[in-house]
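Notes follow once the structure below has been shown.
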There are 2 protein chains.
Amino acid sequence: MRMDTHLLRTFVAVLDHRSFSGAAKALGYTQSAVSQHVAALEADLGARLVERRPVAPTPAGARLLEHAPALLLRLDAARADVARLHHAQPAHLTLACSAAALTGTIARALAQLRAATPLLDLDVRVQAREAVIEEVLTARADLGLVDGVAAPSDPLPLPDLGPTTTLAAAEQPLAVLFPTDHPLARRRSVRLTDLTQAQWIDAPDTAVPLDRIRAVCRTEGFRPRVRHRGTDLHGLAALAAAGLGLAALPLPLAATLPGVTAVPADEPRLVHRTELVHTAHPTEPARQLVDLIAGRTATAQ
Amino acid sequence: MRMDTHLLRTFVAVLDHRSFSGAAKALGYTQSAVSQHVAALEADLGARLVERRPVAPTPAGARLLEHAPALLLRLDAARADVARLHHAQPAHLTLACSAAALTGTIARALAQLRAATPLLDLDVRVQAREAVIEEVLTARADLGLVDGVAAPSDPLPLPDLGPTTTLAAAEQPLAVLFPTDHPLARRRSVRLTDLTQAQWIDAPDTAVPLDRIRAVCRTEGFRPRVRHRGTDLHGLAALAAAGLGLAALPLPLAATLPGVTAVPADEPRLVHRTELVHTAHPTEPARQLVDLIAGRTATAQ
DNA sequence: ATACATTACGAAGAGCGTAAGCATG
DNA sequence: CATGCTTACGCTCTTCGTAATGTAT
């Protein structure tokens, strides 16, 4: 009767699955238990939270849904943070990256770290941006690398998922991928503002998400007709090379992709930025890598 | 057995009171129940969390203690946010302010709001900075005003207590309070960096906290011999006028205090900043006040 | 010896599953 | 009428308080 965590968990699951029975199966409860959980939560908060048949959040439920997932994540983060103290693997480092964040600079820093401690076990996992922070918070990764676009020397607007520290790891020019035979591919640079009506590929987990570009350019343009899920850079390059649409990536990375030409983007003045994300108490190897990258870029925040 | 909220609550209470029995009394449990709560939490996390006799956090407990209060606050915030939907008082606005945040500009905006909706009930409460955000999150206040110092047009570094939106409400020059007969009182301006070794009063809930000044000036100076608690501006002025020490306040406000002379501070270039804090869904009168202040300053973030 | 935490134990209650009810498409 | 949420009910496990036990200052 006091907004217990398992009630919140099933509440979220119910609305995720848009079904009581689905949530029950997912959580290993019976339908009945789930029903009772929701009822208990509703009784506690004194408001109906979910509309049944079809299952959907009421206004109050929607409000709670703005808080609940973050709460549960932070709960896991707290547990993970305590667990880290005991199961500290001194010779292990797992790094969660978004696709365009794993560049030469980072790889060289990793090599340097490996040279310093040869026995170090390295795990690198590339995944969607939101997942990176979550992995760091729940200690499934020791360190995260998130990329995105922002005005020069501005921080990335990371979602407030929990208590993390961020540090600028790299700033690179932003580029647009054109098929090599595209008329604009020969330009020295292009204006993003001239491309609002162009055909774009939205590849939020690989390239810069279009809604980020929209936000930064303060425009309603950049409407995609092609969507690309996953973190597969070369697949995205193939789509772009085939003329299916444009995509934005950091210039040094984009220049290495086959079949496409990377043209620097300006107007508005934007950079592709990579940030290192870690918790308040990184493991020893993680701390070393942070130092290496921070020392290299000397752009602490 | 799954890190339930009430376990966390008693865990925090135990370490707050540095005593099981004290926490028990505070929470309305028996000693025994508290003991069982702590034991359950320790069993769940697989680590000893508190050292008994004397009661103190173990390393793992300290780690958990970095998360638990924030978690509990966010839990209350979530509950409050849902409750707000129902118990919305359309003709009521309560405003939580830190001491130096409630200035003429704000008062005039309030007057304007009152003129627009004459039936509006206004509650204004002045309190410590940390309490302001907490009050907003838990819906004990509809809107918060927090003041502090920062580099010009930088945001204040507010503690990450929960999901809030902030908005610059005012930026004013920073001033140092001198007794009127002080040799430096006749100066046009003073350098803060020249005053690191001076006698300061630390009045964290009224003036700018000294540790903030230290952080911003990147120095170890500004060590106080006098501490002042509470939010009593005139009391602080009296101490400063009596020569007990210096204090930093926004210039327009400082200039109105009796017995002291306010001298603008520069070097490093700092401003006194006031920020408006509200949740994602302010009440209607709160939204109006935000608009009034935002329109007036036109410095949205 | 005296606080004060822990352990033992029984009673009250919370939580889950089974199964019967009931509404909606 | 069938799918899927709700309610009734009983069993079990949890959680609390009382009281006895342990343990440091």
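In what follows, chains carry the letters A, B, and so on, assigned in the order in which the sequence lines appear, proteins first and then strands, with residues in each chain numbered from 1.
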**Request:** Provide, to the nearest angstrom, the distance between the CD atom belonging to B/Q36 and the P atom belonging to D/dA20.
**Result:** 17 Å
**Prompt:** With a non-hydrogen cut-off below 4.0 angstrom, is B/S32 in contact with a base, only sugar-phosphate, or nothing?
**Reply:** base
**Asked** A/Q31 side chain N/O closer than 4.0 Å to the phosphate oxygens (OP1, OP2) of D/dG4?
**Response** no
**Prompt:** To the nearest Å, how far apart are A/R53 CZ and D/dA2 C1'?
**Reply:** 10 Å
**Asked** Under 3.5 Å, side chain of B/R214 to main-chain N/O of B/F222, donor-acceptor pair present?
**Response** yes
**Item:** Position toward the 5' end of DNA chain C (nearest nucleotide), B/A39 or A/T30
**Value:** B/A39
**Asked** When the distance from CD of B/E51 to P of D/dA24 is rounded to whole Å, what number comes out?
**Response** 11 Å
**Request:** Please state how far atom CG in A/L7 lies from atom C1' in C/dC16, giving the value in whole angstrom units.
**Result:** 13 Å
**Prompt:** D/dC5 phosphate, OP1 or OP2: any side-chain N/O from A/S21 under 4.0 angstrom?
**Reply:** yes
**Message:** Let me spell it out: for each of A/P54 and A/G28, pick the nucleotide of DNA chain C with the closest heavy atom. Which residue's pick is nearer the 5' end?
**Reply:** A/G28
**Message:** Please identify which of these residues, B/D147, B/T231, B/T206, meets the side-chain hydrogen bond (donor to acceptor under 3.5 Å, both in side chains) condition with B/S98.
**Reply:** B/D147
**Message:** In this structure, how many angstroms lie between the P atom of D/dC5 and the NZ atom of A/K25, rounded?
**Reply:** 11 Å
**Message:** Could you check whether any side-chain N or O of A/T58 sits under 3.5 Å from a backbone N or O of A/G61, counting only pairs where one atom can act as donor and the other as acceptor?
**Reply:** yes
**Item:** Beyond-backbone contact of B/L7 with B/F11, side-chain heavy atoms, under 4.5 angstrom
**Value:** no
**Request:** Could you check how far CE of A/M3 sits from C1' of C/dA14, rounded to whole Å?
**Result:** 19 Å
**Request:** Could you verify whether a donor N or O on one side chain and an acceptor N or O on the other, from A/D76 and A/T138, lie under 3.5 Å apart?
**Result:** no
**Fill in**
Closest to the side chain of A/H6, out of D/dC5, C/dG15, C/dA8, is C/dG15
**Message:** Rounding to an integer number of Å, can you tell me how far B/D4 CG sits from D/dT15 C1'?
**Reply:** 12 Å
**Request:** Please state how far atom OH in B/Y29 lies from atom P in D/dT18, giving the value in whole angstrom units.
**Result:** 14 Å
